[in-house]
Every structure is written in C-alpha cells, then in structure tokens.
Enquirer: 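One structure coming up, written as structure tokens, with questions to follow.
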Amino acid sequence: PIASTDINPTTLLKLIHSSCLLTRLGCLKRDDFPPPSQVFIMNRNKREKEFYSLDVGDSTFTVLKRYQNLRPIGSGAQGIVCSAYDHNLERNVAIKKLSRPFQNQTHAKRAYRELVLMKCVNHKNIIGLLNVFTPQKTQEEFQDVYLVMELMDANLCQVIQMELDHERLSYLLYQMLCGIKHLHAAGIIHRDLKPSNIVVKSDCTLKILDFGLARTAATGLLMTPYVVTRYYRAPEVILGMGYQANVDIWAVGCILAEMVRHKILFPGRDYIDQWNKVIEQLGTPSQEFLMKLNQSVRTYVENRPRYAGYSFEKLFPDVLFPADSEHNKLKASQARDLLSKMLVIDASKRISVDEALQHAYINVWYDPIEVEAPPPLITDKQLDEREHTVEEWKELIYKEVDWEERTKNGLIRGQPASQAQVQQ
C-alpha cells in the first residue's frame with residue numbers, strides 16, 4: 001500500500017528512510033529497498049516510455065502519448081502549433097512548441113513571460129493553458145517547451161475575409177475589449193494585438209492568444225525594427241513615446257477597419273512607411289502632439305510632407321458596411337463613429353477601453369460578469385523588467401515546467417481543472 005501511484009518516488013524514499021516509518025514497518029530494513037540512483041533510472045525509463053516523436057513540417061514534436069493525431073495548424077516567430085486529441089481530457093487541443101526558447105535572452109524572456117502569464121490569467125476571452133511539458137529529464141538537457149491550449153477553429157485573418165453582419169462584428173469587438181480589459185487589470189498592456197493572435201470558434205466566441213510586447217522589448221521609429229507585423233501598432237509605439245492603456249484601442253480600430261474593408265488599413269513596409277501611411281489617411285497630427293516627441297523623432301516627423309487626411313465618411317463609406325441591423329439597432333453610422341474615436345493619433349484624445357465597452361455599437365452585449373471579471377493574480381511583479389542570462393532564464397522556465405506537478409495532475413490550468421489545480 002505504501003508504493004501507491006499517488007506518492008512520487010522522491011517522497012516515497014524520504015518516507016521509507018525516516019526512522020519512524022522503519023520502526024512502524026518493523027521487519028523491513030533499509031537494504032530491502034533499491035538505492036535512490038536505481039529508483040531514478042527506473043523512473044527515467046518510465047518517463048521515456050510516456051513520450052513519442054513525430055516529424056511536423058521542418059520540426060520534430062516529442063509529446064506525451066496522451067496526445068494523438070497531431071496535425072500542423074500554424075506557425076510563427078514564436079513556434080509551431082499542432083492540433084491533437086487529448087485522451088486524458090477526451091477533447092481536441094492545440095500544442096505549441098516554442099521556437100528555440102533558449103536561442104538568446106530575448107527568446108528566453110518571451111518564453112518565460114508567456115508561460116507565467118498563461119498560468120495566471122483565467123478569462124473566457126484569453127486562451128486557456130491546459131498543460132505544459134518538456135520531454136527532457138534534467139535541467140542540463142532542457143531544450144524544448146510545449147504548451148497545450150484550448151483548440152479554436154480559426155484565427156481572425158480568416159474571419160476578416162468573410163462578410164459579417166453587424167451583430168457578429170460588434171460581438172467580436174466586444175469580446176476583444178473584454179479580454180484587453182482583463183489583461184489591463186493585471187497591468188499587462190498588450191501593444192501588439194493583430195488578427196493572427198486572435199482566435200475564434202464557429203459560434204463566434206473569441207480569445208486572445210498571446211500577451212504582446214514586454215515593456216523592454218518595444219521598438220520605435222529610429223530603432224532597428226524587428227521582423228514583425230507592425231500594421232496594427234499604435235503611433236506612440238511606432239514613435240517610441242510613452243504609452244497608456246488605450247494603446248491597445250488603436251489595434252482594435254485597425255482590426256475593425258480591416259473587417260469592414262477586407263484589406264489592411266496601414267500596410268507599412270517598415271516603421272517609417274507605416275507612419276507615412278497613417279498620416280496620409282488621418283492627416284498630419286497637431287503641433288501639440290509633435291511637441292510630445294523625442295527631439296530627433298520630431299525633427300524627422302516635422303520634415304515629412306503635411307497631409308490634410310480624409311473624413312471618416314470618405315475613409316469608411318456606407319457601402320463598405322453590412323445592412324443596418326433590425327434586431328439590435330446596430331448601424332454603419334455607429335461603427336464609423338467608433339472607428340473615428342479609436343483611430344486617433346494622439347492617445348490623450350483616443351477613446352479608452354471602458355468608454356469603448358460603453359459605446360452604442362458595443363454595449364448591446366455588455367455583461368458585468370465578463371467585463372468586470374476578477375483580475376488575474378500575477379505573482380511576479382517585475383516580470384517585464386527582469387533581466388537574466390540565458391542559463392538563468394532556462395532555470396526559471398524549468399521550474400515553471402515542473403515535472404512532479406505534471407505527473408501528478410497531467411493538467412496545469414483550464415476546464416476541467418479543479419480550483420486547487422488552477423491556483424498552482
């Protein structure tokens with residue numbers, strides 16, 4: 001009865017080698033039990049049998065046997081994603097293999113940040129983490145991190161090509177804003193929302209996939225830009241300015257514009273071209289705004305040709321929108337008004353997340369349980385400011401991908417986890 005599967009080998013050895021338990025066992029001696037090294041070898045062999053490897057595109061996935069029928073569904077700078085069937089939970093899941101998480105400090109920091117935040121955040125409009133594992137057995141061998149998440153049907157890039165009615169348009173926006181508000185409540189300002197990082201199901205439910213830029217990872221106009229999608233980044237990020245929570249509202253405005261137009265609103269080739277695209281359509285900002293810029297950036301911006309910009313009626317004429325809704329009284333004029341309040345270059349004059357949730361085009365869906373959900377408890381208050389060597393990041397991530405917790409629960413977070421598991 002002592003060698004129960006509920007007790008892991010390390011705990012069992014401690015119990016067996018304690019004098020009180022040996023006294024209770026009476027006839028048993030220390031020599032009757034295998035030495036710790038032998039137990040480790042036995043346990044290591046058992047672990048190896050729990051994994052299998054499969055080639056997925058240019059990558060090899062080495063996953064727990066509970067995950068079967070792997071199919072590639074997407075790839076990006078942060079990793080490759082497969083769909084799979086989880087035999088333990090009896091549901092389809094998404095498995096993301098982080099792309100070379102220990103290649104450099106930036107990759108390692110991003111991997112740590114994503115893992116910590118996914119374990120803390122619990123909201124219906126943020127993707128849920130179901131499990132996390134590594135096939136490697138020691139910290140020295142540690143190379144791969146696999147995140148298991150809820151599986152959705154499509155990302156927003158695919159939805160943008162569809163003709164949506166006002167109900168679906170406004171409901172998708174409402175859910176985006178609920179997710180953003182929840183992140184903001186934890187002090188997470190995203191700054192990198194884009195359609196590829198927002199996923200939906202066929203019933204129109206929406207979830208945000210990632211947690212955006214760490215504060216130390218932002219790039220500006222005069223810095224070397226990362227090879228990233230910059231089309232949805234707010235002017236204050238492009239121009240290397242300070243920012244506030246409504247930086248994410250700009251991205252939502254760009255996404256709404258793209259859903260209406262079926263094409264990218266500001267398709268810049270780089271940050272400088274991006275800025276030109278913004279001012280060509282919205283007009284050169286006021287002198288009051290220019291005075292907030294760093295001197296070298298201001299000099300550059302002031303030397304650009306001046307543009308008057310276009311009215312929102314001209315940028316987004318009625319013909320682009322679906323027919324007015326009879327049921328919820330949603331209209332093109334309301335959607336256009338929301339766009340005009342979101343796509344404001346000067347953040348101090350841009351609508352806030354709370355104001356957007358109260359806008360006539362959005363508030364038909366307002367539910368306090370969704371909007372005012374308890375904020376996530378982020379235990380690491382210095383998450384964005386932390387700086388470590390790659391090896392130090394590796395140690396921190398290995399602790400987050402804790403083997404004993406995984407073998408005990410097989411689940412980190414998400415339905416059908418118990419509340420106790422969610423808190424771990």
Side-chain angles (χ1 to χ4, degrees), residues 1-16 33-73 79-102 111-112 114-115 118-119 128-151 394-418 420-422 424:
I2 292 165
S4 161
T5 53
D6 293 331
I7 304 177
N8 67 56
T10 309
T11 309
L12 181 60
L13 280 167
K14 286 178 184 172
L15 285 170
I16 288 168
F33 299 97
S37 59
Q38 192 176 329
V39 170
F40 176 77
I41 292 164
M42 289 159 54
N43 192 38
R44 181 177 177 139
N45 291 339
K46 178 173 175 284
R47 285 185 201 174
E48 284 172 351
K49 289 173 187 169
E50 291 176 343
F51 288 87
Y52 72 102
S53 294
L54 187 74
D55 287 339
V56 178
D58 297 332
S59 183
T60 300
F61 269 54
T62 301
V63 299
L64 290 158
K65 285 185 178 172
R66 65 188 275 189
Y67 303 114
Q68 295 289 329
N69 305 330
L70 270 68
R71 302 276 186 279
I73 56 173
I80 299 169
V81 184
C82 282
S83 64
Y85 183 75
D86 182 349
H87 282 274
N88 287 24
L89 296 182
E90 298 182 336
R91 63 186 280 189
N92 290 316
V93 296
I95 302 177
K96 177 179 180 180
K97 180 183 181 181
L98 295 186
S99 178
R100 297 187 291 172
F102 310 118
Y112 177 73
E114 181 173 12
L115 181 51
M118 283 191 90
K119 287 171 80 170
L129 181 67
L130 301 174
N131 195 4
V132 55
F133 64 85
T134 178
Q136 286 90 41
K137 292 86 187 167
T138 65
Q139 189 178 314
E140 289 68 40
E141 297 173 14
F142 185 37
Q143 280 301 320
D144 300 315
V145 180
Y146 293 85
L147 305 176
V148 184
M149 301 167 283
E150 303 164 89
L151 180 66
K394 192 172 181 179
E395 183 180 353
L396 285 166
I397 294 167
Y398 192 73
K399 285 176 182 172
E400 292 293 329
V401 185
D402 182 70
W403 179 263
E404 289 182 14
E405 284 302 317
R406 287 184 283 108
T407 50
K408 186 170 73 179
N409 296 327
L411 185 73
I412 292 292
R413 211 201 110 225
Q415 305 73 30
S418 67
Q421 287 171 330
V422 168
Q424 287 173 352

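All values reported here derive from a predicted model rather than from experimental measurement.
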Enquirer: Check Glu114 against Leu98 and note the closest heavy-atom contact, atom names and distance.
Expert: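 Glu114 and Leu98 have their closest heavy atoms at OE1-CD2, 3.7 Å.
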Enquirer: Tell me whether Lys97 contacts the main-chain N or O of Ser59 through its side chain, where contact means a donor paired with an acceptor under 3.5 Å.
Expert: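 Not a single qualifying donor-acceptor pair exists.
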Enquirer: From the options Ile95, Leu147, Val148, Asn88, select the one residue that forms a side-chain contact (heavy atoms from CB on, under 4.5 Å) with Asn131.
Expert: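 With Asn131 as partner, side-chain contact (heavy atoms from CB on, under 4.5 Å) holds for just one option, Val148.
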Enquirer: Which residues pass the side-chain hydrogen bond (donor to acceptor under 3.5 Å, both in side chains) test with Asp55, not counting sequence neighbours?
Expert: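 Counting only residues at least two positions away or on another chain, Asp55 forms a side-chain hydrogen bond (donor to acceptor under 3.5 Å, both in side chains) with Thr60.
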Enquirer: With heavy-atom distances below 4.5 Å as the criterion, would you say the side chains of Leu115 and Leu129 are in contact?
Expert: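 Leu115 vs Leu129: side chains touch.
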Enquirer: Would you say Tyr67 and His87 make side-chain contact, with heavy atoms under 4.5 Å?
Expert: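 Sidechains of His87 and Tyr67: no contact.
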Enquirer: Side chains of Asn92 and Ser83: closer than 4.5 Å at any heavy-atom pair?
Expert: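 Contact flag for Asn92/Ser83 side chains = no.
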Enquirer: With a 4.0 Å cut-off, would you call Asp86 and Arg91 a salt bridge?
Expert: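 Looking at Arg91 together with Asp86, the answer is no, because their closest N to O distance does not fall below 4.0 Å.
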Enquirer: Does Phe142 have any ring pair (Phe, Tyr, Trp, His ring centres under 6.0 Å) partners at least two apart in sequence or in another chain, and if so, which?
Expert: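 Phe102, Tyr398.
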Enquirer: State which residues pass side-chain hydrogen bond (donor to acceptor under 3.5 Å, both in side chains) with Lys394; sequence neighbours excluded, sorted by chain then number.
Expert: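 Checked Lys394 against side-chain hydrogen bond (donor to acceptor under 3.5 Å, both in side chains); zero matches.
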Enquirer: Which pair of heavy atoms, one from Glu141 and one from Gln136, lies closest together, and at what distance?
Expert: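 Of all heavy-atom pairs spanning Glu141 and Gln136, the closest is O-CG, 3.2 Å.
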Enquirer: Residues two or more places apart in sequence or in another chain: which of them pass side-chain contact (heavy atoms from CB on, under 4.5 Å) with Val81?
Expert: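 Applying side-chain contact (heavy atoms from CB on, under 4.5 Å) to Val81 gives Ile73, Ala94, Lys96.
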Enquirer: Just wondering, do Tyr52 and Thr62 contact through their side chains at under 4.5 Å, heavy atoms?
Expert: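 No, too far: nothing below the 4.5 Å cut-off.
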Enquirer: List the atom of Leu151, the atom of Val93, and the distance in Å for their closest heavy-atom pair.
Expert: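 Looks like CB-C, 3.6 Å.
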Enquirer: Please work out whether the ring planes of Tyr146 and Phe133 are parallel, tilted or perpendicular, with thresholds of 30° and 60°.
Expert: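 Parallel: the ring planes of Tyr146 and Phe133 meet at under 30°.
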Enquirer: Any heavy-atom pair between the side chains of Thr134 and Val145 that's under 4.5 Å?
Expert: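 Counting from C-beta outward, Val145 and Thr134 never come under 4.5 Å.
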